[in-house]
Peer 1: 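Got a structure here, written out as structure tokens. Questions coming.
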Amino acid sequence: MGGLNPIRIQSMTTTDTMNTIGTVEQTIRMVESGCEYVRITAPSMKEAENLANIKKELRYRGYNVPLVADIHFTPNAAEAAARIVEKVRVNPGNYADKKRFENIEYTHLAYQAELERIYKKFSPLVKICKEYGTAMRIGTNHGSLSDRIMSQYGDTPKGMVESAMEFIRICEDLNYYNLVISMKSSNTQVMVQAYRLLVETMVKEGMNYPLHLGVTEAGDGEDGRIKSAVGIGTLLEDGLGDTIRVSLTEDPEFEAPVAKAMADRYSKRFLLNETERPSINIQDLPYDPYSYTRRITLPVQHIGGHHHPVVMLDVSGKNLKDPYFLGEVGYKYSSMLDKYNMADQACDLVYLGDSLPSFSFPGNLQQVYTYNTWLALKDKTNCHPLLALEDFAAKEVKDHVLNLISVNAGSYRMEDLFLLDRTAVLVLETSAVHGMAEQREFFIALLKNNIQLPVIIKRTYTDISADDLMLYAATDLGALFTDGLGDGVWIAAPESIGLPLVNSTSFGILQATRTRISKTEYISCPSCGRTLFDLQETTQLIRSRTDHLKGIKIGIMGCIVNGPGEMADADYGYVGTGPGKITLYRGREVVKKNVNTLSALDELIELIKEDGNWTEVK
Ligand code: SF4
């Protein structure tokens, strides 16, 4: 791992670690699906010791996959596991500290004393790893920072970095360098900022440890894939990341193919030569890559300014005699009422090219045509032209409210941009292999030249599967939105993929980058040997009754040990506390303890109702 090795794929078992054969068989399924490292939870000594049986059985069956012990709270389990497996993962937030959610004022001396205490607790493990040639991941989680770090730095990327650095410095002091570092969060912005800051901090201190990338509690299905790709993909686009783990609330053998699809995209990027590589020095960036600020733009109609990013789709290939197809992009037509019902994920603009519909469009859906077709329209209400940047100045007739201007990030003249007026919204395209970086360079040029026109980012994908489309678009567009760049998204995909998926992927990317919330967010843990209920089934059940609660974040966590910390900024939490028992949270506050599983969902809904956050399904 690291250096010029390929990006390694890994995942984690969900079986009980004491179930040797079950864990071995799941590990084998994971290896067959592409996993190169397998992590197994070791919550106490007995599980740590059972790793020897699991490893023996795997080797006996001919599987040499490196095993990683996952440790929280239990140094003695870590020390036992480090003698057995190839790597141990420790969480610096809970290895030497118990979380009490206390804000403590530390003097310099008191803080130093704390560091010495950690040194004493952590150094035996480091020495064992050194002796046995065992690697270690120092895995910080946004949701489980120690009270010491929280008091000093708060719940911030800086705090996450410092949490890891305290442990790395101890390792280096003991001449142990067999490390990999992670900075996970379920908030993609925090996660991206923390990894970038970690790299900057390491570079300053002369360190260059490999990075393990992951978004925690990403959820399942389409949402989980998009959220993972936004976080992991953004960093891979930055050239950061040596091993990745996608955490989905699904069986672990479904995780590796998703991770592999993301990593494989970069196996060819090494072939780019110097002239093909974007060459912006990070010191010269006109925005801060360590915090989120949206690029300031002047609004044009409902695009840019303080408006949330818009979604644009190409419907030119549809049957434009039939208003029902608009249901695929969020506008359900009722022939009885001759009206459209607008869904939460209703797109904002549609591109029709030269095709003319034979029915009236919903009043809030903007239609975009080629320039000549637009020019010939008798009624231009809600209709706008799309024209090339170099053609704009020469056109005598222009739309007086909104002109969409197509510009390729790799071939444009800055002087043409200065000729645009306050009706222009750029549609930014790219044909580069490393398209995100090229589009980012374009934004940097806009910022440096103080051009405040809104930008709809367009990416075109051909010859691609639906699964890869989700991951690639989430990476390419998500990386820009995560940095506050972009006022709209336009994904052009092969017709075979279908408009509903392209529409939901567009909204999913905006949701995952937290730039436009259009649905309920589920922060569900991937489950592991500690899980106290069937996570997949429970997540589906909770989703089936709450997925209309736009903007609410619900954490669904398998255990009380790590769950409350890891559900981070969820508004409500549903956490396993024992067999058949659930504890409900409002933010970080326990509201109902040990509720019977059978009534827990009803009680959660009651709680949401009490807070005035419930709406009935329309
Ligand atoms: S929160 Fe979920 S994945 Fe994390 S330790 Fe608990 S059960 Fe395992």
Side-chain angles (χ1 to χ4, degrees), residues 10-19 22-23 26-27 30 35 38-44 46-48 51 68-74 77-78 81 88-95 98-99 137 139-145 182-187 191 212 214-220 224 227-228 245-255 522-540 542 553-570 572-585 588 590 597 600:
Q10 58 174 295
S11 183
M12 187 169 177
T13 55
T14 56
T15 47
D16 179 345
T17 308
M18 294 312 290
N19 175 356
T23 305
Q26 191 176 61
T27 300
M30 289 161 67
C35 244
V38 172
R39 184 155 48 113
I40 302 170
T41 188
S44 70
K46 67 180 196 312
E47 286 88 358
L51 292 171
V68 186
D70 195 61
I71 308 289
H72 294 267
F73 300 107
T74 41
V88 286
R89 176 272 167 121
V90 296
N91 178 347
N94 60 29
Y95 191 80
K98 284 230 169 2
K99 201 157 177 56
R137 168 156 68 99
T140 302
N141 268 9
H142 181 217
S144 54
L145 295 173
S182 65
M183 296 276 120
K184 296 193 188 181
S185 171
S186 74
N187 176 331
M191 176 251 184
H212 165 127
V215 176
T216 49
E217 285 76 44
D220 61 355
K227 197 168 177 186
S228 299
R245 191 261 168 126
V246 169
S247 344
L248 301 172
T249 310
E250 297 178 19
D251 289 337
E253 51 268 39
F254 292 109
E255 295 180 339
Y522 299 92
I523 304 171
S524 56
C525 80
S527 89
C528 70
R530 282 195 172 99
T531 312
L532 289 159
F533 53 81
D534 184 327
L535 251 161
Q536 289 181 47
E537 206 182 283
T538 309
T539 304
Q540 287 315 328
I542 296 177
K553 295 200 242 16
I554 301 177
I556 307 162
M557 298 287 140
C559 77
I560 195 89
V561 185
N562 292 321
E566 310 223 353
M567 66 193 175
D569 56 357
Y572 297 97
Y574 180 106
V575 179
T577 14
K581 296 272 177 273
I582 301 298
T583 291
L584 299 176
Y585 285 71
R588 289 187 182 275
V590 174
T597 312

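On a predicted model such as this, the values are computed, not experimentally measured, just so you know. Start at 1 and go down the list; that is how both ligands and their atoms are numbered.
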Peer 1: Give me the nearest non-hydrogen protein atom to atom 6 (Fe) of ligand 1 as residue plus atom name, then the distance to 0.1 Å.
Peer 2: Cys559 SG, 2.3 Å
Peer 1: Using every non-hydrogen atom in the two residues, find where Val246 and Ser228 come nearest and quote the distance to one decimal.
Peer 2: CG1-OG, 3.6 Å
Peer 1: Where is the tightest heavy-atom contact between Thr14 and Gln26, given as atom of each residue plus distance?
Peer 2: N-OE1, 2.7 Å
Peer 1: Atom 8 (Fe) of ligand 1: which protein heavy atom is closest, and how many Å away?
Peer 2: Cys528 SG, 2.3 Å
Peer 1: For atom 5 (S) of ligand 1, what is the nearest protein heavy atom, given as residue, atom name and distance?
Peer 2: Asn562 ND2, 3.2 Å
Peer 1: Of all heavy-atom pairs between Pro564 and Val575, which one has the smallest distance, and what is that distance?
Peer 2: CD-CG1, 4.1 Å
Peer 1: Answer with yes or no whether the side chains of Ser11 and Glu255 bring together a donor and an acceptor at under 3.5 Å.
Peer 2: yes
Peer 1: Using modelled atom types and a 3.5 Å cut-off, is there a donor and acceptor pairing between side-chain atoms of Ser185 and backbone atoms of Asn187?
Peer 2: yes
Peer 1: May I ask you to decide if Glu537's main-chain N or O and Gln540's side chain share a donor-acceptor pair within less than 3.5 Å?
Peer 2: no
Peer 1: Under 4.0 Å from a heavy atom of Thr531: give me the atoms of ligand 1 that qualify, with their elements.
Peer 2: 7 (S)
Peer 1: Show which atoms of ligand 1 fall inside a sub-4.0 Å distance from at least one heavy-atom site of Gly563.
Peer 2: 1 (S)
Peer 1: For atom 2 (Fe) of ligand 1, which protein heavy atom lies nearest, and how many Å away is it?
Peer 2: Cys525 SG, 2.3 Å
Peer 1: Numbering the atoms of ligand 1 from 1, which are under 4.0 Å from a heavy atom of Gly558?
Peer 2: 2 (Fe), 7 (S)
